[in-house]
Amino acid sequence: MFTLDKRLPSNQVVQEFNYKSKPSLQCATTTGSGQIAVGSKKGEIRFYNRLGIRAKTLLPGLGDPIVAMDTTEDGKWVVCTTNTYLLVVPTQMPDSERTGFDVRMGKKNLHLFY
């Protein structure tokens, strides 16, 4: 993953993050404050609060590749599409205003799976 600065000549890469493994990232979207959600060919969804770090949250895939995704301005909802179904993911933690972009969701966000 990388950030381009269109103000610089030849769209220079200004920030970059490389994985040691190959996660097969396929699509991405950002919130209004620049937090990043990324979908993979395995169906995994990753939430980053900024570029250059490991994901704060990794949601396991259901096996189908994420084709496209979008997020709300405040980052409380992420919508992902596959070839056969639509995923709507709530990212807000049940006990606070924080989201999966800020803290690891883990088992705290159990309503995601109901």
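Contact detail for Thr91 and Trp77: the closest heavy-atom pair is OG1-N, 4.1 Å. Residue Phe101 comes nearest to Ile36 through the heavy atom pair CE2-O, 3.3 Å, listed as atom of the first residue, atom of the second, then distance. Residue Met93 comes nearest to Arg104 through the heavy atom pair CE-O, 3.9 Å, listed as atom of the first residue, atom of the second, then distance. For Lys56 against Gly100, the heavy-atom pair with the smallest separation is CB-O, 3.6 Å.
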Worksheet item: What do the steps show when you test Gln26 against Met69 for side chain to side chain contact (heavy atoms under 4.5 Å, CB included), and what is the final call?
Response: CA-CA 10 Å; Gln26 180 144 318; Met69 58 191 327; over 6 Å; no

Practice prompt. Please report the C-alpha distance between Phe47 and Val78 in whole Å, then the side-chain angles of each, then the deciding distance to 0.1 Å, and finally whether the side chain to side chain contact (heavy atoms under 4.5 Å, CB included) criterion is met.
Written response: CA-CA 10 Å; Phe47 298 142; Val78 176; 3.8 Å; yes

Worksheet entry | Steps toward side chain to side chain contact (heavy atoms under 4.5 Å, CB included) verdict (Ile66, Leu87) | CA-CA 9 Å; Ile66 303 294; Leu87 291 168; 4.2 Å; yes

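Atom CZ in Arg46 sits 11.5 Å away from atom OG1 in Thr57 (nearest 0.5 Å). The distance from the OG1 atom of Thr82 to the CG atom of Leu62 is 8.5 Å, given to the nearest 0.5 Å.
Defined by atom type and a distance below 3.5 Å, a donor-acceptor pair is present between the side-chain atoms of Asp102 and Gln35.
Residues Leu58 and Val38 are members of separate hydrophobic clusters, defined by side-chain heavy-atom contacts under 4.5 angstrom among Ile, Leu, Val, Met, Phe, Trp and Tyr. Note on Tyr85: it does not cluster hydrophobically with Val67, by side-chain heavy-atom contacts below 4.5 Å among ILVMFWY residues.
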